[in-house]
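What follows is a short report on a single structure.
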Amino acid sequence: MGYKEADVALTVHDIWKSYTERIDTEIELSGWVRTERTSKDFGFIELNDGTFFKNIQIVYDNTLNNFDEITRITTGSSLTVKGKLISSPGDKQPFEIKASNIEVLGLCDQVFPLQKKRHSVEYLRTIAHLRPRTNLFRAVFKVRSLVAFAIHKFFTDRNFVYVHTPIITGSDCEGAGEMFGVSTLDMNKPPRKEDGSLDYSKDFFGKQTNLTVSGQLNVENFCMAFRNVYTFGPTFRAEKSNTQRHASEFWMIEPEMAFADIQDDMDISEEMVKYLISYVLENAPEEMAFFNQWVDKGLLERLSFVLNSDFGRVTYTEAMDELIRSGKKFDYKPEWGIDLQTEHERYLTEEVYKRPVFVTDYPKDIKAFYMRMNEDGKTVAAMDLLVPGVGEIIGGSQREERYDFLVKRIEEMGLSKEDYWWYLELRKFGTNKHCGFGLGFERMVMYMTGVENIKDVIPFPRTPGNCEF
RNA sequence: GGGAGCUUAGCUCAGUCGGUAGAGCAACUGGCUGUUAACCAGUUUGUCGGGGGUUCGAGUCCCUCAUCUCCCGCCA
């Protein structure tokens with residue numbers, strides 16, 4: 001290496017990974033007190049520095065010159081410990097540190113809201129600045145980080161190019177939902193046109209702009225240059241959705257592949273989901289064991305079943321037949337032409353297939369304009385991936401690559417083809433069959449951790465009426 | 001946007017028929033020579049979400065507002 005490696009201090013992670021070689025050696029360690037237990041002449045502290053899921057037990061006794069101070073240490077305080085790493089007589093840990101010196105760096109105030117007991121996730125949301133210090137949230141956000149890395153690794157290993165599509169968009173009609181406006185106009189006295197409407201020509205970009213709801217239209221342009229591409233970034237939806245699986249700001253992965261059809265789209269989706277699961281199982285076994293014990297007892301069994309089975313694949317028409325045949329009472333009566341309701345999706349993925357299932361070839365009227373018209377003229381080459389517990393985790397399609405068909409769909413849906421001039425040009429300059437999908441990043445993290453509310457897999461969640469922190 | 005439910009100590013909750021509030025944990029004090037959400041004893045802690053009403057009397061019944069949670073719609 002042509003550069004000097006940074007000289008960093010020993011961490012809890014280092015020690016857990018190499019304690020067998022460090023037995024009876026002197027070490028120094030800094031971290032936060034997770035819990036402590038004291039007796040008259042000795043005590044125990046469980047210390048964690050955030051680098052590993054497990055704690056390290058510190059044993060101390062009244063030979064410390066500041067013994068009285070240490071017995072009064074509170075959960076959450078920060079310390080530097082010097083001492084010898086020894087094998088532990090206790091059952092719960094293979095080793096511990098016999099402290100020769102403990103320095104209190106920052107005492108934790110008595111009103112510290114995190115106690116050594118279970119808190120409700122609802123309460124922890126009100127202290128989002130402190131909740132990453134809990135076992136649950138440390139596990140969640142470690143897994144979130146690993147999934148993000150695994151996504152990049154999956155696509156990079158397959159020679160996909162990562163494209164940063166814009167966050168601010170000038171098209172106000174992407175069709176994927178309500179958008180957040182981006183403006184520097186003075187909201188108290190905005191410029192108006194003669195008819196009284198807002199004059200966006202005076203705004204920062206000289207036109208109305210919004211936060212993106214999808215990078216797809218942009219990334220398709222790069223797809224025509226690099227063949228296989230993907231975006232991975234924040235996405236914004238201004239819908240007042242009030243559910244456990246919607247957020248106003250979330251992250252989305254949108255791959256796009258040229259010279260590929262909807263079957264290829266499903267194949268790569270399935271491969272990716274399985275890759276992400278296996279990557280996390282391999283790289284965060286402590287965290288996954290924690291989820292399996294405290295969050296969802298069936299998690300590990302379910303995930304390993306998913307790894308070893310093929311996802312279901314069914315057309316919308318077949319799925320409707322299945323729902324009608326079931327004779328089950330639904331609030332929304334299944335009928336060809338209506339969109340699949342949540343209760344229908346749950347029935348299919350949780351009761352019929354009991355595993356992830358692709359539903360394909362939806363009626364054209366309930367899907368976006370850019371999806372490819374099938375030969376029947378009634379359905380489009382769309383695919384949704386439904387998973388038990390979370391619902392729709394992926395939505396994708398083969399794109400309409402035929403210029404005339406695309407223009408016709410834009411007009412049928414009452415959109416303006418002038419707004420899509422650059423998107424339409426792709427169909428003139430070397431068009432080809434291509435496809436892609438959007439993976440809800442948080443929904444993937446929910447599926448892999450068993451955590452049921454999207455607010456608990458986002459560091460500082462933004463939802464209607466809530467932008468605290 | 002539609003619907004349901006919740007709100008009592010720092011946290012998790014109980015509170016019967018309407019009679020002025022309780023437990024566990026935390027914190028604090030003391031005890032304890034190997035703990036594992038340590039244990040034992042003691043002490044402290046309340047605008048019962050806000051406002052209004054019924055009543056001799058409201059945590060409890062009614063109205064209203066707010067927060068949060070869940071379900072549906074929108075979607076990822």
Side-chain angles (χ1 to χ4, degrees), chain A residues 34-46 54-62 71-72 74-76 86 88-93 96 98 108-127 134-135 174-178 213-216 232 234-254 269 294 330-332 338-346 366-368 384-387 390-396 437-447 452-458 463-466 468:
Chain A
R34 300 303 304 284
T35 177
E36 43 73 39
R37 298 171 283 273
T38 59
S39 291
K40 186 184 178 190
D41 297 316
F42 65 94
F44 302 91
I45 292 171
E46 288 196 39
K54 293 178 177 173
N55 305 321
I56 289 182
Q57 176 162 283
I58 312 296
V59 194
Y60 64 93
D61 60 30
N62 58 8
T71 60
R72 287 194 302 275
T74 46
T75 301
I86 57 175
S88 174
D91 298 332
K92 299 285 177 78
Q93 60 282 317
E96 61 192 17
K98 178 74 172 70
C108 191
D109 197 278
Q110 284 170 23
V111 300
F112 187 53
L114 294 176
Q115 298 170 11
K116 43 184 175 182
K117 53 171 263 187
R118 282 189 94 170
H119 291 286
S120 67
V121 288
E122 291 82 9
Y123 170 65
L124 291 168
R125 271 174 223 153
T126 69
I127 50 170
T134 64
N135 286 332
E174 291 184 29
E178 291 295 308
V213 293
S214 166
Q216 182 203 317
F232 182 13
T235 308
F236 308 88
R237 302 273 167 93
E239 267 115 18
K240 293 200 171 163
S241 301
N242 228 266
T243 79
Q244 60 197 135
R245 61 185 187 282
H246 288 87
S248 311
E249 178 182 311
F250 63 99
W251 284 55
M252 191 155 64
I253 296 90
E254 298 178 284
S269 299
W294 297 102
F330 292 107
D331 291 337
Y332 291 84
I338 69 161
D339 205 355
L340 286 180
Q341 304 296 307
T342 297
E343 57 178 341
H344 303 147
E345 295 181 343
R346 291 185 77 102
I366 57 173
K367 286 294 180 183
D384 285 356
L385 179 63
L386 313 176
V387 300
V390 177
E392 186 179 339
I393 200 168
I394 282 175
F437 63 85
L439 167 73
F441 179 61
E442 282 81 8
R443 289 186 182 175
M444 188 68 211
V445 176
M446 289 165 73
Y447 184 57
E452 289 180 334
N453 196 307
I454 198 166
K455 292 172 189 168
D456 299 327
V457 299
I458 299 176
T463 51
N466 192 344
E468 190 65 38

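Chain letters run A, B, ... following the sequence lines, proteins first and then strands; every chain starts at 1.
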Quiz item: How is A:Tyr332 classified with respect to the nucleic acid when contacts are heavy atoms under 4.0 Å: base, sugar-phosphate, or nothing?
Solution: sugar-phosphate
Quiz item: Which is true for A:Ile454 with a 4.0 Å heavy-atom rule: it touches a base, it touches only sugar-phosphate, or it touches nothing?
Solution: base
Quiz item: What residue among A:Asn453, A:Thr342, A:Ile393 forms side chain to side chain contact (heavy atoms under 4.5 Å, CB included) with A:Arg245?
Solution: A:Thr342
Quiz prompt | Qualifying residue, where the test is side chain to side chain contact (heavy atoms under 4.5 Å, CB included) with A:Glu96 and the options are A:Ile58, A:Val59, A:Ile56 | solution = A:Val59
Quiz item: What is the minimum heavy-atom distance between A:Glu452 and A:Met446, and which atoms define it?
Solution: O-CE, 3.3 Å
Practice problem: Kindly give the heavy-atom pair with the smallest separation between A:Trp251 and A:Glu442, and that separation in Å. | Solution: N-OE1, 3.0 Å
Please state the [atom1] separation for the pair [N] and [M] - nearest whole angstrom.
| N | M | atom1 | result |
| --- | --- | --- | --- |
| B:G19 | B:U60 | C1' | 11 Å |
| B:G57 | B:G18 | C1' | 8 Å |
| B:A37 | B:C25 | C1' | 10 Å |
| B:C63 | B:C68 | P | 23 Å |
| B:U69 | B:C6 | C1' | 7 Å |
| B:C48 | B:U43 | P | 24 Å |
| B:A14 | B:G2 | C1' | 34 Å |
| B:C17 | B:A58 | C1' | 14 Å |

Protein-nucleotide distance ([X], atom [atom1]; [N], atom [atom2]), rounded to Å:
| X | N | atom1 | atom2 | value |
| --- | --- | --- | --- | --- |
| A:Tyr123 | B:A9 | OH | P | 12 Å |
| A:Met446 | B:C75 | CE | P | 18 Å |
| A:Asp339 | B:A76 | CG | P | 11 Å |
| A:Asp331 | B:G3 | CG | C1' | 12 Å |
| A:Arg346 | B:C71 | CZ | C1' | 10 Å |
| A:Glu178 | B:G1 | CD | P | 11 Å |
| A:Ile458 | B:A76 | CD1 | P | 15 Å |
| A:Glu345 | B:C72 | CD | C1' | 13 Å |

Self-check item: Main-chain N/O of A:Glu468 paired with A:Asn466 side-chain donor or acceptor, under 3.5 Å
Solution: yes
Check nucleotides 40-46 of chain B against the protein and report each pair of N or O atoms closer than 3.5 Å, with its distance, or say if there are none.
none

Rounded to the nearest 0.5 Å, what separates atom [atom1] in [X] from atom [atom2] in [Y]?
| X | Y | atom1 | atom2 | value |
| --- | --- | --- | --- | --- |
| A:Phe42 | A:Arg37 | CZ | CZ | 10.5 Å |
| A:Lys92 | A:Glu46 | NZ | CD | 9.5 Å |
| A:Lys455 | A:Leu124 | NZ | CG | 14.0 Å |
| A:Leu114 | A:Tyr123 | CG | OH | 7.0 Å |
| A:Thr463 | A:Lys240 | OG1 | NZ | 12.0 Å |
| A:Glu392 | A:Leu340 | CD | CG | 9.5 Å |

Could you list the protein-to-nucleotides 31-34 of chain B atom pairs, N/O on both sides, closer than 3.5 Å?
residue	atom	partner	partner atom	Å
B:C32	OP1	A:Lys40	NZ	3.4
B:C32	N4	A:Lys40	N	3.4
B:G34	N1	A:Glu96	OE2	2.7
B:G34	N2	A:Gln57	NE2	3.4
B:G34	N2	A:Glu96	OE1	2.5
B:G34	N2	A:Glu96	OE2	3.0

Exercise. Consider the side chain of A:Arg443, meaning its heavy atoms from C-beta on, and name the nucleotide among B:C72, B:C74, B:A76 that approaches it most closely.
Key: B:A76
Practice problem: Both distances under 3.5 Å, Watson-Crick or G-U wobble: on that basis, could you give the dot-bracket string for RNA chain B, with [ ] for crossing pairs and | for other-strand partners? | Solution: (((((.(..((((.....[..)))).(((((.......))))).....(((((..]....)))))).)))))....
Quiz item: Closer than 4.0 Å, any side-chain N/O of A:Ser120 to the OP1 or OP2 of B:U12?
Solution: yes
Practice problem: For B:C72, take OP1 and OP2 only and decide whether either is under 4.0 Å from a side-chain N or O of A:Gln341. | Solution: no
Quiz item: Is any side-chain heavy atom of A:Arg443 less than 4.5 Å from a side-chain heavy atom of A:His246?
Solution: yes
Exercise. Would you mind reporting whether A:Ile394 and A:Leu439 have side-chain heavy atoms less than 4.5 Å apart?
Key: yes
Is [X] side chain donor-acceptor paired with the [N] base, going by distance under 3.5 Å alone?
| X | N | answer |
| --- | --- | --- |
| A:His119 | B:C11 | no |
| A:Ser241 | B:C74 | yes |
| A:Arg118 | B:A37 | no |

Quiz item: What pairs with A:Arg125 under salt bridge (charged side-chain N to carboxylate O under 4.0 Å, His left out), at least two apart in sequence or on another chain?
Solution: A:Asp456
Practice problem: Could you pull out all residues at least two apart from A:Glu36 that satisfy salt bridge (charged side-chain N to carboxylate O under 4.0 Å, His left out)? | Solution: A:Lys116
Restricting to nitrogen or oxygen on both sides, can you table the protein-nucleotides 68-70 of chain B pairs closer than 3.5 Å?
residue	atom	partner	partner atom	Å
B:U69	OP1	A:Arg125	NH1	2.6
B:U69	OP1	A:Lys455	NZ	3.3
B:U69	OP2	A:Lys455	NZ	3.1
B:C70	OP1	A:Asn453	ND2	2.7
B:C70	OP2	A:Asn453	ND2	3.3

Self-check item: Ring centre gap for A:Phe330 and A:His344 strictly below 6.0 Å
Solution: yes
